[in-house]
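Shown next, in structure tokens, is the structure this report addresses.
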Amino acid sequence: MPGFEIFGDEERKEVADVLETGVLFRYGFEGARNGHFKAIEFEKKLGDITGSAFSHLCSSGTAALCTALAACGIGAGDEVIVPPFTFVATFEAVINAGAIPVFAEIDETLCLNPDRLEAVLTPRTKAVIPVHMCGAMARIGEIKAFCDKKGLILLEDACQSIGASFQGKALGTFGLAGCFSFDAVKTITCGEGGGIITNSREIYDLCDQFADHGHDHLGGPDRGADNHPIIGTNYRISELNAAVGLAQLQKLDHILNTQRNNKNAIKDAMADLPDVTFRYLPDPFGDSATFLSFFLPTEERARQVAANLAKNGAPSPYWYDNNWHYYKKWDHLKQLKGSARLAVELADNLPDYKNMKLEESDAIMKRTISMQIMLSWSQKDIDKRIQAITKSFKK
Ligand SMILES: *Cc1c(COP(=O)(O)O)cnc(C)c1O
């Protein structure tokens, strides 16, 4: 997911535009900003790239999730179905909305299993947040069908999957809103930033307001003349961050092509290795190819191959042991440790986070290794990596 690898003159030029004017704020200062509206330009481009009518930038992907949840009216006491394999931000955002994350099993897409949503459905379920992990899609068509049938809000965490699609439609566009992250290690980076896309004018307006203290942005040049139709907070992006993201977004096609080529070279070379099978991709053409994820037949074998890969110079995440991305290590969630009192602490019938057992997810994740695909690999790097992988599979 490495936009940082190709930071260059394009980013420097966009940032210089902002620094020359000294207007770092995305709103107002019309006289001084010399026509530069980096956040607005970035939003327009993000909408175009994803085929969404509206987009709004935030200060992070987490802020985007929080904003989208608020705009969708998800809050106190609502249950939101999320996967146990994701970055902690997904459930943090739900908890910070005052809502209750409820975990459902994943499948060999490494994302929520649409056939396991019913099992955790309750009368309080309000929304489902599938997370398109590691650059590729969940079975999003089926998840959407489930949400439609049950009257649930579908909100996509596509933070890791800009540029990915399912059947030609961008990830993030299947539900009421979709969220992206542009943090330091994502496909497109602007240092810190996030974005929300939606086709709903109403949701867009609420996002635009919520992320800026409820401002309706209708007061003209004088911000003080804006009304505040809702209570919001400050999740604004700065022009400096937006400028970096704008330059990065112009490189998305190049990033995707490079990642896909590099991934295919490695995946093809692995085809004949003993024991290996690959992550199920509902639409292989829509994979943004930030990672190559594969399965070994047993946990023991997966641990062995992961250790060999590290030893042979091709370290690759074994997510089952990961502190940040898999529920097994989320002790802070199990103990509901927060700096403030949390609404979830007060909830009745809270899921038993301490004793969560997601056996199907465990069975998959114990056997999963993911390899990050880099943009800067030369042919020689790829050949070396293939050698390292081949060696690592030897028994
Ligand atoms: C990175 C990420 C986020 C949060 O994004 P930040 O910009 O770091 O706040 C949310 N969900 C997933 C799946 C992510 O990978």
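Counting starts at 1 for both ligands and their atoms, following the listed order. Residue indices begin at 1 and follow the sequence shown. The analysis underlying the following values was restricted to heavy atoms, covering all of them including side chains, and did not include hydrogens, waters or symmetry mates.
Taking a 4.5 Å side-chain heavy-atom cut-off between Ile, Leu, Val, Met, Phe, Trp and Tyr, the cluster of V244 extends to F7, V15, V18, L19, L24, L240.
Residue contacts with ligand 1 include K186, since one or more of its heavy atoms lies under 4.0 Å from the ligand.
Residues I129 and L358 share a hydrophobic cluster, clusters being chains of Ile/Leu/Val/Met/Phe/Trp/Tyr side chains in contact below 4.5 Å.
Cation-pi contact between K169 and F174: present, with separation from the ring centre below 6.0 Å and deviation from the ring axis of at most 45°.
R116 and D107 are not joined by a salt bridge, as no carboxylate oxygen comes within less than 4.0 angstrom of a charged side-chain nitrogen.
Taking distance alone, with nitrogen or oxygen atoms compared against 3.5 Å, M133 stays at or beyond that limit from ligand 1.
Annotation for ligand 1: atoms under 4.0 Å from non-hydrogen atoms of A89 are 3 (C), 4 (C), 10 (C). Numbered from 1 in the order shown, with element, the atoms of ligand 1 that lie under 4.0 Å from a heavy atom of D183 read 1 (C), 6 (P), 7 (O), 8 (O). Distances below 4.0 Å separate heavy atoms of D157 from the following atoms of ligand 1: 10 (C), 11 (N), 12 (C), 13 (C). Residue contact check: C159 has heavy atoms under 4.0 Å from atoms 2 (C), 3 (C), 10 (C), 11 (N), 12 (C), 14 (C) of ligand 1. Residue contact check: S181 has heavy atoms under 4.0 Å from atoms 1 (C), 5 (O), 6 (P), 7 (O), 8 (O) of ligand 1. Less than 4.0 angstrom separates some heavy atom of T86 from each of these atoms of ligand 1: 13 (C). Near S60, meaning under 4.0 Å from one of its heavy atoms, ligand 1 places the atoms 7 (O), 9 (O).
With sequence neighbours left out, the ring pair (Phe, Tyr, Trp, His ring centres under 6.0 Å) criterion links F87 to H325.
With hydrogens and angles ignored, the 3.5 Å screen pairs a side-chain donor or acceptor of S316 with a backbone N or O of A314.
In the candidate list L65, V131, T62, T62 is nearest to atom 9 (O) of ligand 1, counting heavy atoms.
Under the side-chain hydrogen bond (donor to acceptor under 3.5 Å, both in side chains) test applied with R139, the options D115, D283, T109 reduce to a single match, D115.
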